[in-house]
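Predicted, not measured: the structure shown is a model, and the values here were computed from it. Below, chain A is the first sequence line, B the second, and so on; all start at residue 1.
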2 protein chains.
Amino acid sequence: MTSFPAALSPSSSSSPARGGIAAAAIRRLTALTPLDDADLRLLDTAADRALTYPLRHAFQTIGRPMADPLLVLQGWAARVRILPDGRRQFMSFYLPGDIIGPAHHEQPIATATVVALTECLACPAPTGPAGSGLAQAYAVSEALDEAYLLGRVVQLGRLNAQERIGDFLLEIYERLSLAGLTVGGSFEMPLTQEMLADALGLTPVHVNRMIQQARRDGDLMWKSGRVLLRDPERTARTIGRVSPQVTGTQTMAQASAG
Amino acid sequence: MTSFPAALSPSSSSSPARGGIAAAAIRRLTALTPLDDADLRLLDTAADRALTYPLRHAFQTIGRPMADPLLVLQGWAARVRILPDGRRQFMSFYLPGDIIGPAHHEQPIATATVVALTECLACPAPTGPAGSGLAQAYAVSEALDEAYLLGRVVQLGRLNAQERIGDFLLEIYERLSLAGLTVGGSFEMPLTQEMLADALGLTPVHVNRMIQQARRDGDLMWKSGRVLLRDPERTARTIGRVSPQVTGTQTMAQASAG
DNA sequence: CGAGGTTTTGATGGAGGTCAAACCCCGTGG
DNA sequence: CCACGGGGTTTGACCTCCATCAAAACCTCG
């Protein structure tokens with residue numbers, strides 16, 4: 001519910017100790033579609049131009065001209081809308097390997113505000129030639145983006161609080177897995193319960209109670225910014241979650257590769 | 001909540017009494033961006049190949065290969081998801097002048113099921129050369145599509161029942177206005193209250209109560225498939241609705257025209 | 001140690017869900 | 001012309017999930 005105060009500007013602390021700052025992002029993109037050496041080289045050089053963006057940085061502002069697409073290397077960002085009376089809703093999240101902005105088709109005016117939820121490392125998304133693996137990866141990424149947005153509509157419209165939390169954590173888990181950012185069912189969760197509430201259309205208080213219940217039921221651990229899902233498969237089954245990527249993505253990449 | 005029984009197949013009753021069957025769609029597209037004669041000719045010839053699709057026809061099915069993009073000429077369709085236990089959620093609506101399917105970027109697998117909510121008239125969306133008004137119109141249309149989807153997330157996440165109904169009707173009103181399908185604040189509404197409920201994440205019963213309240217408050221008339229908004233502007237103000245098109249679209253077309 | 005953000009707990013209320021029946025509207029057909 | 005039927009709308013009684021308000025407890029970091 002708290003609205004964001006004025007944001008700082010990106011600090012151009014260009015990669016100090018490089019090495020694998022783009023590793024997660026590259027893992028995700030290659031998971032979406034095979035990338036060849038040319039693609040990887042493009043990514044590497046793009047990563048050299050990575051910048052660190054502070055917490056709350058506004059990557060885009062609704063109604064303002066859209067910036068060039070950015071590839072997130074580290075950190076989380078989100079599309080957010082704040083209503084006149086202060087109500088806040090997060091609409092989608094950007095994780096390492098995601099593209100902020102119009103990957104493909106032009107779209108001069110931003111339809112949403114995108115803010116950094118953590119300190120973020122991001123670089124300009126390198127554009128591969130048409131038909132390249134990179135272009136393909138962006139296409140799949142964008143399709144996934146929309147699929148998740150559709151999923152969010154169902155989540156908010158028809159799932160109860162418990163289901164929403166489970167569904168959300170599963171989505172994050174699956175997405176971070178692609179980037180290799182999970183360790184046996186556990187992953188880093190920089191969101192506060194309040195932010196989670198604003199993503200799920202609930203109150204922080206109620207989110208908290210439901211999380212505790214999930215803990216008591218042995219479905220969940222959540223401590224100091226780290227979440228562990230005890231049995232993702234089972235949770236997914238009990239709330240009837242269908243994940244776009246597991247089935248969808250693979251097939252998507254294959255189908256358009258052939 | 002009722003799930004759709006098996007659907008019939010499209011009847012190829014190709015335009016019997018033509019004349020302006022594509023009029024609404026063309027009005028909408030020209031409202032999005034200026035179209036020249038070549039564009040209009042493409043649209044006209046495409047309209048010759050229009051088909052009538054029966055109620056409940058599945059234009060696309062989730063997980064199945066995606067059909068070629070269709071331009072809706074008459075009738076309503078919607079993206080829908082049905083949960084295993086029967087809960088239903090409409091995610092977005094297609095009105096005359098909207099494109100069902102991937103206007104631009106490829107995307108082989110459908111991420112959602114699209115069904116006809118009324119009998120629909122639709123034709124293959126003619127593809128204009130890159131940079132043509134038609135291509136431009138599709139781009140804007142697609143951007144609007146996403147903007148509406150984002151709006152729906154906010155609606156479901158943070159608006160109460162009254163606000164949701166108002167917001168929804170305003171959205172429809174605005175969109176139909178573009179296609180010239182409104183008459184002084186009133187327009188045809190083929191949805192039942194049950195469908196409306198499944199779009200707004202509510203129960204039919206509660207939708208009904210809220211509508212009656214709106215009627216009592218003099219905000220609304222709804223009779224035999226026709227809705228009249230007494231004072232759209234005021235309603236929009238009281239629920240703090242921001243419409244993407246009024247501000248957004250115009251600017252979008254202009255910005256990318258220049 | 002203290003301060004500020006975050007999580008947790010309790011008590012209470014209200015928006016919206018559920019169940020069930022009645023009503024209405026219209027088209028069908030006898 | 002009226003009975004019949006079926007989908008949609010309306011109404012009522014009751015209940016529950018989640019919101020609200022407020023305070024306490026807990027971290028974490030300076």
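Spacing between atom CG of A:Leu196 and atom P of C:dT6 amounts to 13 Å, rounded to whole angstrom units. Taking atom CD1 of residue B:Ile211 and atom P of nucleotide D:dT10, one finds them 7 Å apart after rounding to whole Å. Regarding A:Leu55, its CG atom lies at a distance of 13 Å from the P atom of C:dG5, rounded to whole Å. Residue B:Glu194 contributes atom CD, which lies 11 Å from atom P of D:dG7 at whole-angstrom precision. When the C1' atom of C:dA15 is taken as reference, atom CD of B:Gln213 falls 12 Å away, rounded to whole Å. Computed from coordinates, the A:Trp222 CH2 to D:dC27 P distance equals 15 Å when rounded to whole Å. Going from atom CE of A:Met195 over to atom P of C:dG5 covers 12 Å, rounded to whole Å.
At least one donor-acceptor pair closer than 3.5 Å links the side chain of A:Arg158 to the backbone N or O of B:Leu202.
Put simply, A:Asn208 has no side-chain N or O that comes within less than 4.0 Å of OP1 or OP2 on C:dT7. The side chain of B:Arg216 places no N or O atom within less than 4.0 Å of a non-bridging phosphate oxygen (OP1 or OP2) of D:dT10.
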Take B:Phe90 and B:Phe168 through the test ring-ring contact (aromatic ring centres under 6.0 Å, His included) and record every step on the way to the result.
-> CA-CA 12 Å; B:Phe90 290 116; B:Phe168 181 85; 9.6 Å; no
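The aromatic rings of A:Phe59 and A:His57 lie perpendicular to each other, with more than 60° between the two planes, well past the 30° mark.
Residues passing the side-chain contact (heavy atoms from CB on, under 4.5 Å) test with B:Ala24 are B:Arg27, B:Pro96, B:Ala179, B:Leu181, sequence neighbours excluded.
Residues A:Glu233 and A:Arg241 are not paired through a salt bridge, judged by the lack of any N-O separation under 4.0 Å between the basic side chain and the carboxylate.
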All N/O donor-acceptor pairs, side-chain side in residues 215-222 of chain A, below 3.5 Å, sequence neighbours left out:
from     : atom 1 : to       : atom 2 : distance (Å)
A:Arg215 : NH1    : A:Trp222 : O      : 2.9
A:Asp219 : OD1    : A:Arg234 : NH2    : 3.0

Write out a two-atom table: protein N or O, nucleotide N or O from nucleotides 14-19 of chain D, distance below 3.5 Å.
from   : atom 1 : to       : atom 2 : distance (Å)
D:dC18 : OP1    : A:Ala161 : N      : 3.0
D:dA19 : OP1    : A:Thr203 : N      : 3.4
D:dA19 : OP2    : A:Thr203 : N      : 3.1
D:dA19 : OP2    : A:Thr203 : OG1    : 2.3
D:dA19 : O5'    : A:Thr203 : OG1    : 3.2

